[in-house]
Engineer: 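Below are the structure tokens for one structure; questions will follow.
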Amino acid sequence: MSDVDTPAHAATAQQVLAAPRAPRCLLVTGGAGFIGSSFVRTRLGDPACAARIVNLDLLTYAGNLENLAGSVEEAERAGRYTFVRGDIRDQALVERLIEQHGVDCVVHFAAESHVDRSIHGPRDFIETNVLGTFAILEAIRSRRATGHDVHLHHVSTDEVFGSLGATGFFVETTAYDPRSPYSASKAASDHLVRAYAHTYGLSTTLSNCSNNYGPYQFPEKLIPLMIANCLEGKALPVYGDGQNVRDWLYVDDHAEAVWLVVTRAAPGTSWNVGGRNEMKNLDLLHELIAVVARQAGKDPAALHGLITFVKDRPGHDRRYAIDCGKIERLLGWAPRHDFAGGLEETVRWTLANRAWIDRVRSGAYREWIDRNYATR
Ligand code: NAD
Ligand code: TYD
């Protein structure tokens with residue numbers, strides 16, 4: 001039985017765990033993005049993981065090979081890591097990579113991921129998140145017809161569950177209620193993954209995670225944007241009343257959760273991942289300002305003076321909160337970073353990598369990508 005039909009807390013180990021899966025070759029999509037690059041770095045650095053990695057990434061504005069610099073070169077020389085610039089919507093390409101490299105597991109991160117962009121221009125979100133996931137599923141189905149089975153782990157978000165009131169948590173069986181073009185496109189892709197598992201017998205797992213933060217996050221998302229603006233003395237734009245609540249998880253802890261699910265979870269199961277760390281945006285900003293002020297030697301009062309309340313995001317979800325009891329109880333997962341430590345680490349990384357931020361913000365990193373990776 002799939003735990004899609006089982007109340008999360010009633011699931012037993014027998015129902016939801018598989019004999020350990022030890023993939024020989026992973027196709028990681030979106031491995032040059034924020035979370036995908038954390039997954040690639042942590043897997044290549046894990047002596048217990050022997051899998052080869054093929055990283056398929058289109059290098060959109062959010063994809064950046066500098067996120068992997070220093071972490072992949074040795075593996076590349078040893079034939080354990082390959083980068084391919086390409087589009088997940090290209091089914092023939094995905095199929096060819098699976099066949100050529102003997103891929104036995106796809107870990108699917110690639111997506112358009114920023115809610116504000118989805119409000120301004122939803123088309124890319126439907127094309128990449130829905131049609132891209134569809135192309136991957138079709139590629140796997142087509143390989144399966146030749147006797148080549150590939151497991152798919154699909155990385156999703158807690159935003160598919162909609163918005164909570166002051167109380168309550170999302171569990172794995174909470175009904176989907178997406179409310180932005182981004183979350184609707186992710187929900188659609190989750191439904192397709194489950195439908196392909198049910199209809200065609202594909203082996204799939206799914207995880208829904210809360211807000212991530214940490215090194216290499218594109219500075220359009222709340223935490224890296226606020227750090228960069230503090231350092232540059234720019235306005236800190238708070239949407240609406242700043243009382244919206246998000247749950248925050250350090251990115252490497254998410255990458256570990258994904259790996260546990262990939263290697264241990266039974267086909268057909270889904271897993272909520274979160275930091276048990278709910279915060280109102282304004283409270284988070286106050287904590288962040290204190291850390292930036294101390295580490296960068298800035299006046300906290302001057303940084304507070306940069307806080308600017310701006311017009312609210314249309315349809316702004318009020319509260320997300322994840323109950324991650326299932327993955328804690330059955331897979332023994334626990335985050336290694338608490339929020340205070342993770343924030344310190346993130347600010348320290350930013351201060352030590354000002355050049356990365358400057359290049360991303362100025363768009364200079366695109367010139368290098370376009371010189372070295374002509375679009376197919
Ligand atoms: P990101 O925007 O930083 O990275 C996305 C990556 O996908 C980029 O490297 C980009 O170049 C690549 N990509 C985009 N379109 C592509 C295409 N058509 N073909 C190939 N590659 C393409 O995103 P992220 O924050 O790392 O998120 C990764 C995944 O995790 C997404 O599926 C997202 O929905 C999910 N997620 C994110 C968060 C979060 O807080 N960031 C939380 C939960 C789940
Ligand atoms: P974001 O990082 O965009 O993640 P998501 O919308 O997927 O949760 O935003 C986190 C929260 O911060 C969200 O409630 C919107 C708010 N926010 C601001 O107040 N100002 C900003 O400039 C940004 C980018 C976000």
Side-chain angles (χ1 to χ4, degrees), residues 28-40 55-65 67-68 84-90 93-94 107-119 124-125 127-129 131-133 135-136 154-160 163 180 182-183 185-187 189-190 207-214 216-226 229 235-249 251 254-255 257-258 272-275 279-282 284-285 307-313 315-320 322 360 369:
V28 176
T29 71
F34 166 51
I35 307 173
S37 69
S38 162
F39 182 81
V40 170
N55 178 1
L56 172 63
D57 195 300
L58 188 57
L59 300 180
T60 66
Y61 79 94
N64 186 351
L65 290 175
N67 299 358
L68 295 162
V84 178
R85 186 181 192 185
D87 195 325
I88 55 166
R89 289 168 296 181
D90 184 344
L93 170 67
V94 175
V107 187
H108 177 31
F109 292 95
E112 288 294 335
S113 67
H114 189 42
V115 174
D116 292 327
R117 283 182 190 258
S118 84
I119 295 168
D124 284 348
F125 288 73
E127 293 196 344
T128 289
N129 300 357
L131 297 181
T133 303
I136 289 170
H154 178 63
V155 178
S156 190
T157 167
D158 62 353
E159 303 191 24
V160 297
S163 184
S180 74
Y182 165 64
S183 55
S185 68
K186 291 296 291 185
S189 65
D190 293 8
S207 51
N208 296 85
C209 189
S210 60
N211 286 53
N212 286 210
Y213 69 99
Y216 301 104
Q217 186 166 30
F218 196 87
E220 63 184 354
K221 305 271 169 67
L222 181 71
I223 289 181
L225 177 80
M226 294 300 180
N229 283 11
L236 308 175
V238 174
Y239 298 164
D241 60 5
Q243 299 302 302
N244 301 65
V245 174
R246 297 291 182 266
D247 170 60
W248 295 92
L249 179 69
V251 62
H254 183 192
V258 166
N272 279 0
V273 184
M279 292 189 84
K280 291 179 177 156
N281 292 339
L282 202 54
L284 184 157
L285 189 52
I307 294 178
T308 310
F309 289 90
V310 299
K311 192 165 166 292
D312 209 355
R313 170 189 280 172
H316 195 176
D317 286 340
R318 194 64 174 169
R319 174 170 169 261
Y320 303 143
I322 274 266
V360 166
I369 284 171

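Each ligand, and each atom within it, is numbered from 1 in the order the structure gives.
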Engineer: Which pair of heavy atoms, one from Ser183 and one from Glu159, lies closest together, and at what distance?
Structural biologist: CB-O, 3.5 Å

Engineer: Anything under 30° is parallel, anything over 60° is perpendicular, the rest tilted; go ahead and classify His154 against His108.
Structural biologist: tilted

Engineer: Which residue, Asn281, Asp116, Asp312, forms the side-chain hydrogen bond (donor to acceptor under 3.5 Å, both in side chains) with Tyr239?
Structural biologist: Asp116

Engineer: Contact between Ala32 and ligand 1, counting heavy atoms under 4.0 Å?
Structural biologist: yes

Engineer: Which of the numbered atoms in ligand 1 are below 4.0 angstrom from a heavy atom of Val155?
Structural biologist: 30 (O), 32 (O)

Engineer: So Asp158 and Lys186, salt bridge (Lys or Arg N to Asp or Glu O under 4.0 Å) or not? Walk me through it.
Structural biologist: CA-CA 10 Å; Asp158 62 353; Lys186 291 296 291 185; over 6 Å; no

Engineer: Quick one, Asn55 and Leu68 - any side-chain contact, counting heavy atoms below 4.5 Å?
Structural biologist: yes

Engineer: Show which atoms of ligand 1 fall inside a sub-4.0 Å distance from at least one heavy-atom site of Ser156.
Structural biologist: 43 (C), 44 (C)

Engineer: Which residue holds the protein heavy atom closest to atom 9 (O) of ligand 1, what is that atom called, and what is the gap in Å?
Structural biologist: Asp57 OD2, 2.6 Å

Engineer: Can you tell me which residue and heavy atom of the protein come closest to atom 5 (C) of ligand 1, and the distance to 0.1 Å?
Structural biologist: Ala111 O, 3.4 Å

Engineer: Have a look at ligand 1 and work out which part of Lys186, if any, has a heavy atom under 4.0 Å from it: side chain, backbone, both or neither.
Structural biologist: side chain

Engineer: Counting each atom of ligand 1 from 1 as listed, which ones have a heavy atom of Asn211 under 4.0 Å away?
Structural biologist: 40 (O)

Engineer: Taking distance alone, with no angle check, do His316 and ligand 2 share an N/O pair under 3.5 Å?
Structural biologist: yes

Engineer: Cut-off 3.5 Å, side chains only: do Glu112 and Tyr182 have a donor facing an acceptor?
Structural biologist: no

Engineer: May I ask you to identify the nearest protein heavy atom to atom 34 (O) of ligand 1, giving residue, atom name and distance to one decimal place in Å?
Structural biologist: Tyr182 OH, 2.7 Å

Engineer: Can an N or O of Pro237 be found at a distance shorter than 3.5 Å from an N or O of ligand 2?
Structural biologist: yes

Engineer: Measure the distance from atom 43 (C) of ligand 1 to every protein heavy atom, then report the residue, atom name and distance (to 0.1 Å) of the closest one.
Structural biologist: Cys209 O, 3.3 Å

Engineer: Between Gly274 and Asp247, what is the shortest heavy-atom contact and its length?
Structural biologist: CA-OD2, 3.3 Å

Engineer: Please indicate whether any nitrogen or oxygen in Asn212 is less than 3.5 Å from any nitrogen or oxygen in ligand 1.
Structural biologist: yes

Engineer: So, the side chain of Thr29 versus the backbone of Phe109: is there a donor-acceptor pair under 3.5 Å, distance only?
Structural biologist: yes

Engineer: Looking at ligand 1, does any of its N/O atoms fall within less than 3.5 Å of an N/O of Asn64?
Structural biologist: no

Engineer: Ser210 heavy atoms, cut-off 4.0 Å: which ligand 1 atoms fall inside?
Structural biologist: 42 (C), 43 (C)

Engineer: Is any side-chain heavy atom of Asn208 less than 4.5 Å from a side-chain heavy atom of Asp190?
Structural biologist: yes

Engineer: For Glu159, counting its heavy atoms only, list the atoms of ligand 2 lying under 4.0 Å from any of them.
Structural biologist: 5 (P), 7 (O), 8 (O)

Engineer: Could you identify the single nearest non-hydrogen protein atom to atom 36 (N) of ligand 1 and state the distance to 0.1 Å?
Structural biologist: Ile35 CD1, 3.9 Å

Engineer: Considering only heavy atoms, does Tyr216 approach ligand 1 within less than 4.0 Å through its side chain, its backbone, both, or neither?
Structural biologist: neither

Engineer: Would you check whether Thr29 reaches within less than 4.0 Å of ligand 1, judged by its heavy atoms?
Structural biologist: no

Engineer: Are any non-hydrogen side-chain atoms of Phe125 and Arg117 less than 4.5 angstrom apart?
Structural biologist: yes

Engineer: How close does the nearest protein non-hydrogen atom get to atom 4 (O) of ligand 2, and which residue and atom is it?
Structural biologist: Asn211 ND2, 3.3 Å

Engineer: Short N/O distance, under 3.5 Å, between Arg246 and ligand 2?
Structural biologist: yes

Engineer: Would you check the N or O atoms of Trp248, main chain and side chain alike, for any that come under 3.5 Å of an N or O of ligand 2?
Structural biologist: no

Engineer: Side chain of Asn129, backbone of Glu127: donor and acceptor closer than 3.5 Å?
Structural biologist: no

Engineer: Check this for me - ligand 2, Asp116, N or O atoms closer than 3.5 angstrom, yes or no?
Structural biologist: no

Engineer: Distance under 4.0 Å to a non-hydrogen atom of Leu59: what atoms of ligand 1 satisfy this?
Structural biologist: 11 (O)

Engineer: Provide the number and element of each atom of ligand 2 under 4.0 Å from a heavy atom of Val115.
Structural biologist: 6 (O), 7 (O)

Engineer: Does any N or O of ligand 2 fall below 3.5 Å from an N or O anywhere on Val238, backbone included?
Structural biologist: no

Engineer: Relative to ligand 1, is Thr128 under 4.0 angstrom through side chain, backbone, both or neither, heavy atoms considered?
Structural biologist: side chain

Engineer: At the 4.0 Å heavy-atom cut-off, does Phe109 count as touching ligand 1?
Structural biologist: yes

Engineer: How close does the nearest protein non-hydrogen atom get to atom 3 (O) of ligand 1, and which residue and atom is it?
Structural biologist: Phe34 N, 3.1 Å

Engineer: Closest non-hydrogen protein atom to atom 2 (O) of ligand 2, residue and atom name please, with distance?
Structural biologist: Leu222 N, 2.9 Å

Engineer: Report the nearest protein non-hydrogen atom to atom 16 (C) of ligand 2: residue, atom name, distance rounded to 0.1 Å.
Structural biologist: Asn281 ND2, 3.5 Å

Engineer: Which atoms of ligand 2 are found less than 4.0 Å from any heavy atom of His114?
Structural biologist: 3 (O)

Engineer: Which atoms of ligand 1 have any heavy atom of Thr60 under 4.0 Å away?
Structural biologist: 10 (C), 11 (O), 14 (C), 15 (N)

Engineer: Could you tell me which atoms of ligand 1, counted from 1 in the order shown, lie closer than 4.0 angstrom to a heavy atom of Asp87?
Structural biologist: 17 (C), 18 (N), 19 (N)

Engineer: Nearest 0.5 Å, what's the CZ-NZ distance between Phe34 and Lys221?
Structural biologist: 8.0 Å

Engineer: May I ask you to decide if Gly132's main-chain N or O and Arg89's side chain share a donor-acceptor pair within less than 3.5 Å?
Structural biologist: no

Engineer: Tell me which part of Asn208 gets within contact of ligand 1: side chain, backbone, both or neither, using heavy atoms under 4.0 Å.
Structural biologist: neither

Engineer: Backbone N or O of Ala235 within a donor-acceptor pair of the Asn229 side chain at under 3.5 Å?
Structural biologist: yes

Engineer: Among all the protein's non-hydrogen atoms, which is closest to atom 2 (O) of ligand 1, and how far away is it?
Structural biologist: Ser113 OG, 2.7 Å

Engineer: Check Val310 against ligand 2 and report side chain, backbone, both or neither, counting heavy atoms closer than 4.0 Å.
Structural biologist: neither

Engineer: Specify side chain, backbone, both or neither for Ser37, according to which of its non-hydrogen atoms lie closer than 4.0 Å to ligand 1.
Structural biologist: neither

Engineer: Can you list the atoms of ligand 2 that are under 4.0 Å from a heavy atom of Leu225?
Structural biologist: 22 (O)

Engineer: Would you say ligand 2 has an N or O under 3.5 Å from any N or O of Tyr239?
Structural biologist: yes

Engineer: So, is Glu220 polar-close to ligand 2, with some N/O to N/O distance under 3.5 Å?
Structural biologist: no

Engineer: Tell me if a side-chain donor or acceptor on Asp57 pairs with a main-chain N or O of Ala32 at a distance below 3.5 Å.
Structural biologist: yes

Engineer: Nearest protein heavy-atom contact for atom 3 (O) of ligand 2: which residue, which atom, what distance?
Structural biologist: Arg313 NH2, 3.0 Å

Engineer: Taking a cutoff of less than 4.0 Å between a non-hydrogen atom of the residue and any ligand atom, is Gly31 in contact with ligand 1?
Structural biologist: no

Engineer: Determine, step by step, whether Leu93 and Asp87 satisfy the side chain to side chain contact (heavy atoms under 4.5 Å, CB included) criterion, reporting the C-alpha distance in whole Å, the side-chain angles of both residues, the deciding distance to 0.1 Å, and the verdict.
Structural biologist: CA-CA 8 Å; Leu93 170 67; Asp87 195 325; 5.7 Å; no

Engineer: Strictly under 4.0 Å, does any heavy atom of Gly86 approach an atom of ligand 1?
Structural biologist: yes

Engineer: At what distance is the nearest protein heavy atom to atom 21 (N) of ligand 1, and which residue and atom is it?
Structural biologist: Leu58 N, 3.0 Å

